[in-house]
Amino acid sequence: WTRSNVLSFRRGPLVEETPEITNTIEEVHLGASLINKGNVVLGIYGQWHGVPGGDRHYIRMDLGLVISNDGMHFREPIPDYAFMPAFEEADLPVTSRAPSVAQGQGMANIGDKTHYWYEAWGDGLVRMATWERDRLGYFNAYVGEGGATAKAPAAELTSCPMRLSNEGNKVFLNAGGLSEKAELTVEIQDREFEPIRGFTAAECDPIRVSGFRQPVTWKGKGEFPAFPHPIRVRVMFGGDLIERIKLYAIYVARV
């Protein structure tokens with residue numbers, strides 16, 4: 001790491017804070033708790049909502065979600081979205097402040113669940129949020145008036161290039177809403193987006209069963225050789241019920 005500064009992420013107007021606007025604008029509170037997921041860093045931060053006059057007793061704080069691919073520059077998948085909204089809880093002692101929560105530094109996958117521990121801010125009480133494993137967000141297809149067509153995929157995505165140093169890697173999908181009428185097809189491409197023979201969309205066995213870690217195969221073959229170049233993963237949505245598909249995560253890993 002070099003001795004330099006970088007503006008990672010900010011909320012609110014680009015103004016120099018003065019006593020007159022303290023606690024009155026949208027802010028990031030206490031930075032973010034970071035979770036390294038390999039090729040992406042997830043951050044959960046205090047989404048501070050200022051109030052006229054800046055009285056801290058009336059300030060509310062939700063938790064927001066940011067992501068980064070380099071550990072320096074962060075962005076929100078959905079700007080200003082309350083990833084974990086604060087709310088009143090009947091068992092909390094009466095306090096003199098608005099509902100607020102604060103981020104913690106604990107996230108773990110245990111079995112088929114993802115857990116995150118955070119604080120009921122101001123009361124020192126620990127809370128835990130739970131999701132289905134790695135299902136914090138998803139891609140899905142937008143189907144307009146024309147609907148899905150048989151000539152081309154109605155929706156698709158392509159990953160950034162990645163270099164695999166060893167052979168024996170496979171692709172797995174974390175997806176829901178799949179059926180005989182809602183499927184995902186995967187293609188492996190080179191850096192220039194050219195399909196790699198043996199791993200094209202036409203050779204892929206469509207994924208039609210939902211699950212957290214569904215293996216992808218091409219004519220029954222799933223393992224990659226040691227490619228001498230970076231690869232991309234292209235995923236295509238298809239079927240009459242394409243709008244039901246939710247793609248939560250793509251894993252490229254050795255078995």
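The analysis underlying the following values was restricted to heavy atoms, covering all of them including side chains, and did not include hydrogens, waters or symmetry mates. Predicted model only: the values in this text are computed from it and were never measured.
For the pair Ser210 (side chain) and Gly177 (backbone), a donor-acceptor distance under 3.5 Å is present. A donor-acceptor pair is defined here as one N or O able to donate and one able to accept, closer than 3.5 Å; such a pair exists between the side chain of Arg133 and the backbone of Gly111. Without hydrogens or angle criteria, Ser159 side chain to Val233 main chain gives a donor-acceptor distance under 3.5 Å. Asp190 contributes no side-chain N or O that, together with a main-chain N or O of Ile196, makes up a donor-acceptor pair within less than 3.5 Å. Under a 3.5 Å cut-off, the side chain of Glu156 and the backbone N or O of Phe237 do not form any donor-acceptor pair. Between the side chain of Ser8 and the backbone N or O of Met72 there is at least one donor-acceptor pair closer than 3.5 Å. A donor-acceptor pair is defined here as one N or O able to donate and one able to accept, closer than 3.5 Å; such a pair exists between the side chain of Trp218 and the backbone of Val186. Of the possible polar contacts, none joining the Arg232 side chain to the Cys160 backbone as a donor-acceptor pair under 3.5 Å is found.
Enclosure of atom CZ in Arg10 by more than 12 non-hydrogen atoms of other residues, nucleotides or ligands within 6.0 angstrom is indicated. Counting heavy atoms of neighbouring residues, nucleotides and ligands inside a 6.0 Å radius, atom CG of Asn5 does not exceed 12 of them.
Once rounded to the nearest 0.5 Å, the distance linking CD of Gln103 with CE of Met84 reads 10.5 Å. To the nearest 0.5 Å, atom CG of residue Asp55 and atom CG of residue Asn23 are 9.0 Å apart. Atom OG1 in Thr158 sits 6.5 Å away from atom CZ in Phe193 (nearest 0.5 Å). Taken from CZ in Arg244 to CG in Asn140, the straight-line distance is 13.0 Å, to the nearest 0.5 Å. Taking CD from Gln189 and CD1 from Ile231, the interatomic distance works out to 10.0 Å, rounded to the nearest 0.5 Å. The NE2 atom of His115 lies 4.5 Å from the CD1 atom of Ile110; values are rounded to the nearest 0.5 Å.
Phe212 and Ile35 end up in different hydrophobic clusters when Ile, Leu, Val, Met, Phe, Trp and Tyr side chains are linked at under 4.5 Å. No continuous path of hydrophobic side-chain contacts links Trp131 to Trp117 [ILVMFWY only; heavy atoms under 4.5 Å]. Leu30 and Leu34 are not part of a single hydrophobic cluster, where members link through side-chain heavy atoms under 4.5 Å apart. By the rule that hydrophobic residues join a cluster once side-chain heavy atoms approach within less than 4.5 Å of another member, Tyr118 and Val41 end up as members of separate clusters. In the hydrophobic cluster analysis, where Ile, Leu, Val, Met, Phe, Trp and Tyr join through side-chain heavy atoms closer than 4.5 angstrom, Ile250 is grouped together with Ile188.
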Using atom types as modelled, flag every donor-acceptor pair under 3.5 Å from a side chain in residues 60-68 to any protein atom, sequence neighbours excluded.
unit_1, atom_1, unit_2, atom_2, d
Arg60, NH1, Asp62, OD1, 3.3
Arg60, NH1, Asp62, OD2, 3.1
Arg60, NH2, Asp62, OD1, 3.3
Arg60, NH2, Ala86, O, 2.7
Asp62, OD1, Ala86, N, 2.8
Asp62, OD2, His49, NE2, 2.8
Ser68, OG, Asp70, N, 3.2
Ser68, OG, Asp70, OD1, 3.1
Ser68, OG, Gly71, N, 2.8
Ser68, OG, His73, O, 2.8

TODO: Might you work through the side-chain contact (heavy atoms from CB on, under 4.5 Å) test for Asn39 and Asn69, ending with a clear yes or no?
DONE: CA-CA 6 Å; Asn39 68 329; Asn69 296 105; 5.5 Å; no
Open item on the list: Set out, in order, the CA-CA distance, both residues' side-chain angles and the distance that settles side-chain contact (heavy atoms from CB on, under 4.5 Å) for Leu157 and Leu247, then state yes or no.
Closed with: CA-CA 10 Å; Leu157 62 93; Leu247 176 59; 3.8 Å; yes
TODO: Could you walk me through whether Leu241 and Glu243 pass side-chain contact (heavy atoms from CB on, under 4.5 Å), step by step?
DONE: CA-CA 5 Å; Leu241 300 178; Glu243 69 278 2; 4.1 Å; yes
Task: Check against side-chain contact (heavy atoms from CB on, under 4.5 Å), Met236 and Glu187 - done: CA-CA 8 Å; Met236 290 150 284; Glu187 179 173 83; 4.0 Å; yes
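Residues satisfying the side chain to side chain donor-acceptor pair (under 3.5 Å) criterion with Lys37, sequence neighbours excluded, are Asp134. With sequence neighbours left out, the ring pair (Phe, Tyr, Trp, His ring centres under 6.0 Å) criterion links Tyr138 to Tyr248. Qualifying ring pair (Phe, Tyr, Trp, His ring centres under 6.0 Å) partners for Phe74, counting only residues two or more places apart in sequence or in other chains: none. In this structure, the side chain to side chain donor-acceptor pair (under 3.5 Å) partners of Arg208, at least two apart in sequence or on a different chain, are Glu183. When the ring pair (Phe, Tyr, Trp, His ring centres under 6.0 Å) test is applied to Tyr45, the partners found at least two apart in sequence or on another chain are Phe9.
Closest non-hydrogen pair, Pro230 versus Pro161, comes out as CB-CB, 4.0 Å. Residues Phe83 and Leu136 come closest through the heavy atom pair CE1-O, 4.0 Å. Considering every non-hydrogen atom in both Glu223 and Lys170, the closest pair reads CG-CE, 3.3 Å. For the pair Pro79 and Glu76, the tightest heavy-atom approach, listed with the atom from each and the gap, is CA-OE1, 3.6 Å.
You'll find the side chain of Val209 stays beyond 4.5 Å of the side chain of Leu178, heavy atoms only. For the pair Leu184 and Gln214, the minimum side-chain heavy-atom distance is 4.5 Å or more. Between His229 and Arg191, the closest side-chain pair of non-hydrogen atoms is not below 4.5 Å. Side chains of Arg127 and Val101 form no contact here, defined as non-hydrogen atoms less than 4.5 Å apart. The shortest side-chain heavy-atom distance between Phe224 and Val171 falls under the 4.5 Å cut-off.
Classified by interplanar angle (parallel below 30°, tilted 30° to 60°, perpendicular above 60°), the ring pair Phe199/Phe227 is perpendicular.
Arg135 and Asn174 share a side-chain donor-acceptor pair at under 3.5 Å.
Ionic pairing of Lys113 and Glu132 is present here: one or more N-O contacts between side-chain nitrogen and carboxylate oxygen are shorter than 4.0 angstrom.
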